[in-house]
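So the structure is just underneath, and the comments pick up after that.
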Amino acid sequence: MRQIITAQMRAGEKWIRERDISLEQGFILGYLRDNPGSIQRDIAREVRRGEANVSSMLQKLEKRHLVERRLDAGNDRIKRVYATPAGVALIDGLDLAMAAVDEDILAPITRSEREALTLVLDRIAARLPNYPRW
């Protein structure tokens, strides 16, 4: 398992490094693509980091025009965070790159073996609530 995870992580890290973002920033972009308008507290909970740490990551993403913060329509004290079109395009590219890596890694096994593997890994992952979800 370690060899497979290492191969996948290296591919993802290489792709991310080439685009000058961190793994955590990539995860945040993916989260915001799937959950537009999230508040910082929700993002911090999802990446299992402190709000100050997440604020710093968001500032860096904001400077690169990959995310934007907007005041909540009903409460001026709440800022909602959105991935910009450039941020969405960037993270969509990562998803495509990682799907190609997964396809390469899983090439030796059949479709039914992949489905069985996915079921087993999903069961294992469900028991790991304290680990980051990226």
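Just the heavy atoms: all of them, side chains too, but no hydrogens, waters or symmetry mates, feed the values below.
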Exercise. Answer yes when Glu46 and Arg48 have at least one side-chain N-carboxylate O distance shorter than 4.0 Å, and no when they do not.
Key: no
Exercise. Report yes if some heavy atom in the side chain of Met57 is under 4.5 Å from a heavy atom in the side chain of Lys60; otherwise report no.
Key: no
Quiz item: Do the side chains of Ser22 and Ile16 get nearer than 4.5 Å, heavy atoms only?
Solution: no
Exercise. Have a look at Ile28 and tell me which of Ile91, Val47, Leu23 forms a side chain to side chain contact (heavy atoms under 4.5 Å, CB included) with it.
Key: Val47
Exercise. Evaluate side chain to side chain contact (heavy atoms under 4.5 Å, CB included) for Ile39 paired with Val81, printing each intermediate quantity in order.
Key: CA-CA 6 Å; Ile39 59 173; Val81 187; over 6 Å; no
Self-check item: Distance (rounded to the nearest 0.5 Å) between Arg45 CZ and Tyr31 OH
Solution: 6.0 Å
Quiz item: Measuring from Ile21:CD1 to Leu66:CG, what's the distance to the nearest 0.5 Å?
Solution: 7.0 Å
Quiz item: More than 12 non-hydrogen atoms from neighbouring residues, nucleotides or ligands closer than 6.0 Å to CD on Gln3, yes or no?
Solution: no
Self-check item: Cation-pi check, Arg19 onto Trp15 ring (under 6.0 Å, within 45° of axis)
Solution: yes
Quiz prompt | Arg69 to Tyr82, cation-pi by 6.0 Å centre distance and 45° axis angle | solution = no
Can you give the donor-acceptor pairs under 3.5 Å from side chains of residues 105-121 to other protein atoms, not counting sequence neighbours?
from	atom 1	to	atom 2	distance (Å)
Thr110	OG1	Ser112	OG	3.3
Thr110	OG1	Glu113	N	3.1
Thr110	OG1	Glu113	OE1	3.3
Glu113	OE1	Thr110	N	2.7
Arg114	NE	Leu106	O	3.4
Arg114	NH1	Glu103	OE1	3.1
Arg114	NH1	Glu103	OE2	3.2
Arg114	NH2	Glu103	OE2	3.2
Arg114	NH2	Leu106	O	3.0
Thr118	OG1	Arg114	O	2.9

Exercise. For a side chain to side chain donor-acceptor pair (under 3.5 Å) with Asp72, tell me which candidate from Arg77, Lys79, Arg80 qualifies.
Key: Arg80
